[in-house]
Each structure stands twice: as C-alpha cells, then as structure tokens.
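Before any comments, here is the structure.
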Number of protein chains: 2
Amino acid sequence: MILFFSTFKLSYICVMGILRKTKSVKILLDEFEKQSTAISAITLIERFHLNMNKTTIYRILDKLEDDGFLHSFLGKNGHKWYAKCIGCTNVEHHDIHPHFQCLDCGKVDCLPTDVLIPNIPNRKVDVSQILIQGKCEECFS
Amino acid sequence: MILFFSTFKLSYICVMGILRKTKSVKILLDEFEKQSTAISAITLIERFHLNMNKTTIYRILDKLEDDGFLHSFLGKNGHKWYAKCIGCTNVEHHDIHPHFQCLDCGKVDCLPTDVLIPNIPNRKVDVSQILIQGKCEECFS
DNA sequence: TATTTAATGCAACTTTGTTGCATTAGTTAA
DNA sequence: TTAACTAATGCAACAAAGTTGCATTAAATA
C-alpha cells in the first residue's frame, strides 16, 4: 500500500505499519522532517504529551520503523532513539551506520561513515550497532 | 588498597569499590571465573536470588566495574551485561572489543577482535560500544 | 453520509533498576 | 579473642521506560 504525504516533503512511504494519516502520525513525521539529529522516544513523549498519549507515540514509532522510515538504536542508558532512514524499505533496513552520543549534552547524531563489520567464523551476522560516545562539536570547545 | 583472592585464582584485585570479601562478592566473582561468556544482571538475579538481594547484586557489579574487574555493555533490549575485563584497572578500561549477541538463544560473547574506531573531526571519542547481533556457533547449524 | 475498522486514550501493569534506612557481618586494633 | 568500627546487606518503597487490554474515536471508503 502506498500513501502520499505531500505536505511532509516526502514523496511517498511504502507502508505496512502506518495505514492512516492521523494527526499524531503527521506531528511525528513532521518532527523527524525538521530535526536532523536522532530523537529519543522519551524526548518525543515530553515534547508531545499534550498532543498525544505516550502509548500512541510508542506505537507510531514502532510502525514507522517497520515501514523503513525510521531506524532505532539504544543510547546511553538503554533508552531507545529514532532517526530517519536513508534508502530503507519495509523489507529491509540498509542504513547501518554508527551513532554518536555526546556524554555532555546527550545529543545523538548519525555518522555518515560506513563501518565494515568483518564476517565472524561460524556465526551469521544480522545487525550491528555501533554507539560511539564522547563530546560533540558544540561541547568539545 | 589490595586484597588477596587466592581461592578465586585471581592473584589480586586493585580495589576502590570492593573493600570487603563478603559471601556475596565471593559468589559473584566465582561465577565470572567459571563462566567465559558475558552474564546479564537479570540472569545473575534469577540465579542468586536465594543467596542475595538484587540490590546487593547491582551494587557489587557496579563496584567490580569501578575496580576494572568487570566491564559492562548493553544487550538487545537495553539490558545490562557484564563480562570479565582483560588488563583493566580502576583508573581506565582498556578492553574495547565488540560483543556478539545471538538473537536465537540470547547468549553474549566478547569477540577478541580489536576494532579501530576512526577519529571523528571536531569530536572527542571516549567510549565505543559495538554490538553485533546474529546467530552464534550453536544456533547457526 | 453511513459504515468499517485502524488508531487512540486511559488505566493498570511489567520490568529493570535505584534509594533510604535499619540491621548484619567483615576487618582491624586492643 | 574480643570489642569497636563501618562497609555491606536486606527490605520496602520508589522511579522510569515501556507494554497490554479494552472501550472509544476518527480516518478512509463505499
């Protein structure tokens, strides 16, 4: 199924999870469009608790990940973070890149670098998560 | 301060966190001595809830990490895992290696491979966590 | 506009981990 | 060996992140 999200400057999203263009979905898609860094589920709950319930937020994030629109990963304290995918579909996620979390301000960025995970004898590698922690550009100086 | 743990086949641990050789400390040290793979905090709580309180387990793990005897990292669901360090001290952890978690059986191993995290312009890299997920030797065949 | 059902809100719950405080038990010194 | 000191423990209550079930609401469509 294919939906047209013209107002979000997305040409289309191939959808399995998200079926209806609700207010909540619009708000969250909008947020990921305008923010380039990753956003944690908790931050979204703080930011939009007046607009929608936390359950709704968790469910929409889940679906957007299934759809290949967002990818998720675990930050510092095991908190879940989300960021826009590049070239992913509902069949497979392709954007395996490291994430950088600033230990001062907590911000998380996707690093454009591709990291090659070597094959490991007798094991099948499905996913790899690389979280680099340190000081970001702003907190470095 | 230096304590002698002869019964655990450790020559010594340079200690800042652990000061007293209590029953609980002995049990946990023993467990890490005899198991080569990583162990999650939750597993230890399940395994030893008759011997000691979960608070005690969390506190001892914390201290053993401070001491450079264990290192910790986050697995699949943000759960905390612990494994023995190699060549770490209470001043600095040196053993930055990837961890492999089997998505079938959940087991986590430390991979001996060293992974080089490239410097990133304008950022200071402190720690890097690499979690590779897939199928382990046993679950692969 | 009516119908269908995906999506939502809410409350209650689960899981992992933390905190404060009274009690227990290692360690050290007499 | 014993007494004194205080680190370590157990317990209960709490906190935060995330999940579940179910009644209600609101997109999509016919």
Side-chain angles (χ1 to χ4, degrees), chain A residues 1-8 12-13 15-29 38-67 69-70 72-82 106 108, chain B residues 1-8 13 15-29 38-67 69-70 72-82 90 106 108:
Chain A
M1 192 175 191
I2 289 177
L3 289 181
F4 197 75
F5 283 87
S6 57
T7 48
F8 307 107
Y12 61 83
I13 305 185
V15 178
M16 291 201 47
I18 295 284
L19 295 172
R20 290 181 183 179
K21 189 179 165 180
T22 64
K23 276 181 206 161
S24 303
V25 170
K26 281 180 209 171
I27 290 171
L28 290 182
L29 281 176
I39 317 177
S40 69
I42 296 163
T43 304
L44 289 170
I45 291 167
E46 281 168 7
R47 203 169 284 172
F48 296 115
H49 70 107
L50 295 174
N51 304 84
M52 66 190 99
N53 192 274
K54 65 172 179 171
T55 313
T56 304
I57 294 178
Y58 282 119
R59 290 197 272 229
I60 291 175
L61 291 173
D62 260 12
K63 289 176 187 169
L64 288 176
E65 187 171 15
D66 282 349
D67 292 341
F69 178 76
L70 296 179
S72 77
F73 51 91
L74 298 169
K76 246 200 303 192
N77 310 104
H79 295 169
K80 217 163 180 186
W81 288 73
Y82 289 86
V108 179
Chain B
M1 194 172 193
I2 288 176
L3 289 181
F4 196 75
F5 285 87
S6 57
T7 49
F8 307 106
I13 304 184
V15 177
M16 290 199 50
I18 296 281
L19 294 173
R20 290 181 183 180
K21 190 178 166 182
T22 64
K23 277 180 204 161
S24 304
V25 170
K26 281 181 209 172
I27 291 171
L28 291 181
L29 281 176
I39 317 176
S40 68
I42 296 164
T43 305
L44 289 170
I45 291 167
E46 281 167 8
R47 201 170 287 172
F48 297 114
H49 69 106
L50 296 175
N51 304 83
M52 65 191 99
N53 193 273
K54 64 171 178 169
T55 313
T56 304
I57 295 179
Y58 282 119
R59 291 197 270 226
I60 291 176
L61 291 173
D62 261 13
K63 288 177 189 170
L64 289 175
E65 187 172 15
D66 282 349
D67 292 340
F69 179 76
L70 296 178
S72 77
F73 51 92
L74 298 169
K76 247 199 305 191
N77 310 106
H79 295 168
K80 215 162 180 186
W81 288 73
Y82 289 85
N90 60 332
V108 180

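Numbers restart at 1 for each chain; the letters A, B, ... are given by sequence-line order, proteins then strands.
A 4.5 Å side-chain heavy-atom check between Met52(A) and Ile57(A) finds at least one atom pair inside the cut-off. Phe48(B) is listed as a side-chain neighbour of Leu28(B), based on a closest heavy-atom distance under 4.5 Å.
Closest contact between the side chain of His79(B) and the listed nucleotides dG9(C), dT16(C), dG10(D) involves dT16(C). Relative to the side chain of Arg59(B), the nucleotides dT8(C), dC21(C), dG18(D) differ in distance, and dC21(C) lies closest. Out of dG18(D), dC11(D), dT9(D), the shortest distance to the side chain of Asn53(B) is found at dC11(D).
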Worked check of side-chain contact (heavy atoms from CB on, under 4.5 Å) between Leu61(B) and Lys80(B): CA-CA 10 Å; Leu61(B) 291 173; Lys80(B) 215 162 180 186; over 6 Å; no

Criterion side-chain contact (heavy atoms from CB on, under 4.5 Å) on Tyr82(B) and Asp62(B), from CA distance to verdict: CA-CA 10 Å; Tyr82(B) 289 85; Asp62(B) 261 13; 4.1 Å; yes

Verdict with reasoning, Ser24(A) to Ile60(A), per side-chain contact (heavy atoms from CB on, under 4.5 Å): CA-CA 8 Å; Ser24(A) 303; Ile60(A) 291 175; 3.5 Å; yes

CA sep, side-chain torsions, deciding dist, call: His49(B), Lys54(B), side-chain contact (heavy atoms from CB on, under 4.5 Å): CA-CA 7 Å; His49(B) 69 106; Lys54(B) 64 171 178 169; over 6 Å; no

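Note on the helix from dT1(C)-dA30(D) to dA30(C)-dT1(D): terminal axis deviation equals 30°, with five pairs used at each end and the result rounded to 10°.
The base of dA8(D) lies outside donor-acceptor range of the side chain of Arg20(B), with no N or O pair under 3.5 Å.
Ile60(B) places its CD1 atom 14 Å from the P atom of dT18(C), with the value rounded to the nearest Å. Distance, Phe48(A) CZ to dG9(C) C1': 18 Å, rounded to whole Å. Separating the CG atom of Leu28(B) from the P atom of dA8(D) is a distance of 13 Å, rounded to the nearest angstrom. We find that CD1 of Ile27(B) is positioned 12 Å from C1' of dT9(D), with the value rounded to whole Å. As rounded to whole Å, 16 Å separates atom C1' of dA16(D) from atom CG of Asn77(B). Rounded to whole Å, the distance from NZ on Lys26(B) to C1' on dA25(C) is 11 Å. Note: CE (Met52(B)) to C1' (dT23(C)) measures 18 Å, nearest angstrom. Protein atom CG of Leu29(B) is 13 Å distant from nucleotide atom P of dA8(D), rounded to whole Å.
Without hydrogens or angle criteria, Asn53(B) side chain to Thr55(B) main chain gives a donor-acceptor distance under 3.5 Å.
Between Ala41(B) and Tyr58(B) the shortest heavy-atom distance is CB-CE2, 3.9 Å.
Ile45(B) comes within 4.0 angstrom of no nucleic acid atom, judged by non-hydrogen atoms across all strands. At a threshold of 4.0 angstrom between heavy atoms, the contacts of Asp62(A) with the nucleic acid are absent.
Residue Lys63(A) has a polar side-chain atom (N or O) positioned under 4.0 Å from OP1 or OP2 of dA7(C). The side chain of Thr22(A) places no N or O atom within less than 4.0 Å of a non-bridging phosphate oxygen (OP1 or OP2) of dA7(C).
Residue order along DNA chain C, read from the 5' end via each residue's closest nucleotide, puts Thr56(A) first among Lys54(B) and Thr56(A). Looking at which nucleotide of DNA chain C each of Lys23(A) and Ala41(B) is closest to, the 5′-most match is held by Lys23(A). Each of Asn51(B) and Ile42(A) has a nearest nucleotide on DNA chain D; the 5'-most of these lies closest to Asn51(B).
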